[in-house]
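Notes follow the structure.
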Amino acid sequence: MPEGPELHLASLYVNKMCQGLIFTGAVRKSEVSKAPDVPFTCEAYRITAASRGKEVKLTLTPMKSQGDQPMDIVFRFGMSGYFRLTTEDELPKHSHLRFYSNEEPCRVLSFVDTRSFGSWQPGGTWQPSRGPCVITEYKSFRSVLMRALSDRAFDRPVCEVLLNQKYFNGIGNYLRAEILFRLNIPPFVCARSVLEVLEAEEFCENKPLVKAETTGRNKRVGIKEEKGDLLRLCHTVPLEVVDLGGTFYDSEKEDYSDFKAWLQCYCVDGMKSARDHNGRTVWFKGDPGPMAPKG
DNA sequence: CGTCCACGTCTAC
DNA sequence: TAGACCTGGACGG
């Protein structure tokens, strides 16, 4: 379930399902998992979650201070991770890390990961190499990026830079396609050329279009401004997915028709696709742009 | 049966 | 810039 929206929905799911639940005992790992053990045991503790880009942090909080320390665990979801609360006899296949409630019979919060590309770090903090979250830290996402445009990272095609988690924490393969499609930006144009014309500060919501039109010299005029620019869409497009409440990549919802209907470009009939320089399929419409790989 | 493809990182040559 | 890391679904013979 793994782009920013799914990770964010996962944190909402954990907070909703674990509200009022009391967990107990040890955190248990599946036999097959190669990820680290989680050295946490407590008579009674609560679980809360937060997301940042493509990471989720669980916080385990002991209910009485009897020497037990709280613990954070930071998860990345790889291609197939998700959280699920079930009874003990309905544990999902590939449940690799488990937290047990004190109910009788107990319920179990599982980190499920079919392909095992996901990971967790006990006592972990947000990965320092990842930038601010496009969903929950929009302002700092935007300012960090606008101040970094001399970085050689922006010499690359915009479709590839959108997957660089140092600057676009939370954007993944379907989001990059949907975002570029909305603005009609060819995927293989140089990222810097798209970004350097943008404004450092957010303006769309406050400034009326009329003003931009009357001043004439303003390059922020026109239809683009109604929708927002590339950076704003890196925030609003993922938020649309959060509002849908689920995707193919989200275990909670079994009806994906809303998400299917929401996709305008990614895996859509009639759209083009190509391999980027990292071997990932990029979906787009029209001109691929000048930096497209040959062949 | 087989081959290809998938929402993402990682590290090694 | 490859591969490695994994499972499983779709589709072809």
Side-chain angles (χ1 to χ4, degrees), chain A residues 1-11 13 29-36 51-56 74-84 92-97 110-121 124 126-131 133-135 152-153 155-157 159-181 188 234 237-238 240-242 244-254 256 258-260 262-269 271 273-283 291-295:
Chain A
M1 77 182 252
E3 300 189 20
E6 290 84 359
L7 282 273
H8 189 69
L9 286 163
S11 73
Y13 173 85
K29 202 178 71 171
S30 74
E31 288 298 319
V32 295
S33 176
K34 295 169 188 165
S51 75
R52 179 177 187 262
K54 280 184 225 174
E55 297 183 306
V56 167
V74 171
F75 292 79
R76 289 182 286 280
F77 282 15
M79 295 284 260
S80 55
Y82 61 94
F83 283 105
R84 192 109 146 97
K93 204 176 175 187
H94 306 295
S95 161
H96 290 315
L97 197 68
S110 291
F111 176 66
V112 188
D113 185 7
T114 307
R115 297 182 68 184
S116 298
F117 291 174
S119 61
W120 62 80
Q121 200 57 60
W126 303 124
Q127 203 168 238
S129 56
R130 310 182 74 105
C133 177
V134 296
I135 295 175
R152 295 290 305 275
D155 295 349
R156 320 237 74 239
C159 71
E160 294 168 18
V161 172
L162 281 171
L163 296 187
N164 182 344
Q165 303 298 297
K166 180 174 177 186
Y167 296 111
F168 293 90
N169 191 6
I171 301 300
N173 205 11
Y174 78 74
L175 284 171
R176 73 169 172 177
E178 295 301 312
I179 290 164
L180 294 174
F181 173 85
F188 295 98
C234 287
V237 172
E240 290 178 13
V241 180
V242 171
L244 288 178
T247 71
F248 303 132
Y249 316 121
D250 183 304
S251 68
E252 252 203 281
K253 240 178 147 181
E254 63 288 339
Y256 307 127
D258 287 352
F259 181 63
K260 213 176 219 173
W262 177 86
L263 288 171
Q264 298 178 39
C265 180
Y266 181 77
C267 293
V268 169
D269 279 352
M271 295 295 152
S273 66
R275 291 308 177 91
D276 69 17
H277 291 94
N278 301 310
R280 305 203 65 192
T281 303
V282 58
W283 289 83
M291 298 175 82
K294 307 197 171 182

Under 4.0 Å between any heavy atoms, over every strand shown, what does A:Arg130 touch: base, sugar-phosphate, or nothing? Just pick one. sugar-phosphate
How would nucleotides 6-11 of chain C be written as a contact map, 5' to 3', with B for base contact, S for sugar-phosphate-only contact and - for no contact, using protein heavy atoms under 4.0 Å? BBS---
side-chain contact (heavy atoms from CB on, under 4.5 Å) involving A:Asn164 - partner list, sequence neighbours excluded: A:Ala153, A:Lys166, A:Tyr167
In dot-bracket, 5' to 3', how would DNA chain B read with Watson-Crick or G-U wobble pairs under 3.5 Å, [ ] for crossing ones and | for pairs to another strand? ||||||.|||||.
Across all chains, not counting sequence neighbours, the side chain to side chain donor-acceptor pair (under 3.5 Å) partners of A:Ser33 are none
Is the distance between the ring centroids of A:Phe83 and A:Phe75 less than 6.0 Å? yes
Taking CG from A:Asp113 and P from C:dC5, how many angstroms apart are they, rounded to a whole number? 16 Å
Listed partners of A:Phe181 passing side-chain contact (heavy atoms from CB on, under 4.5 Å), at least two apart: A:Gln264, A:Cys265, A:Met271, A:Lys285
Once you round it to whole Å, what is the distance between C1' of B:dC10 and NZ of A:Lys166? 17 Å
Whole-Å distance, A:Met79 CE to B:dC5 P, equals 13 Å
Taking only the P atom of each, what is the distance from B:dC5 to C:dG13 in whole angstrom? 15 Å
Suppose we screen for side-chain contact (heavy atoms from CB on, under 4.5 Å). Which residues come up paired with A:Arg130, at least two apart in sequence or across chains? A:Arg52, A:Lys54, A:Glu55, A:Arg76, A:Gln127, A:Gln165, A:Asn169
Could you check how far OH of A:Tyr167 sits from C1' of B:dT9, rounded to whole Å? 18 Å
What interatomic distance, in whole Å, is found between P of B:dT9 and the corresponding atom of C:dG9? 23 Å
For A:Lys54 and for A:Arg275, find the nucleotide of DNA chain B with the closest heavy atom, then tell me which residue's nucleotide is more 5'. A:Arg275
P-based separation of C:dC6 from B:dA12 [nearest Å]: 14 Å
Kindly write out the residues that satisfy side chain to side chain donor-acceptor pair (under 3.5 Å) with A:His96, not counting sequence neighbours, or none if the list is empty. A:Ser30, A:Ser116
Which residues pass the side chain to side chain donor-acceptor pair (under 3.5 Å) test with A:Asn278, not counting sequence neighbours? none
Mind calculating the distance between NE2 (A:His277) and C1' (C:dG3) to the nearest angstrom? 18 Å
Rounded distance (Å) that lies between atom P of C:dC5 and atom CZ of A:Arg76: 19 Å
Got a sec, which residues hit side chain to side chain donor-acceptor pair (under 3.5 Å) with A:Thr281, two or more places apart in sequence or on another chain? A:Arg275
Are the side chain of A:Arg176 and the backbone N or O of A:Cys159 linked by a donor-acceptor pair below 3.5 Å? yes
When the distance from CG of A:Leu263 to C1' of B:dA6 is rounded to whole Å, what number comes out? 14 Å
Would you tell me if any nitrogen or oxygen in the side chain of A:Gln165 comes within less than 4.0 Å of OP1 or OP2 on B:dT9? yes
Take atom CD of A:Glu160 and atom P of B:dG8, then tell me their distance rounded to the nearest Å. 14 Å
Mind checking if A:Gln127 touches a base, just sugar-phosphate, or nothing, with heavy atoms under 4.0 Å? sugar-phosphate
The single option from A:Trp120, A:Tyr82, A:Phe77 that satisfies side-chain contact (heavy atoms from CB on, under 4.5 Å) with A:Val56 is A:Phe77
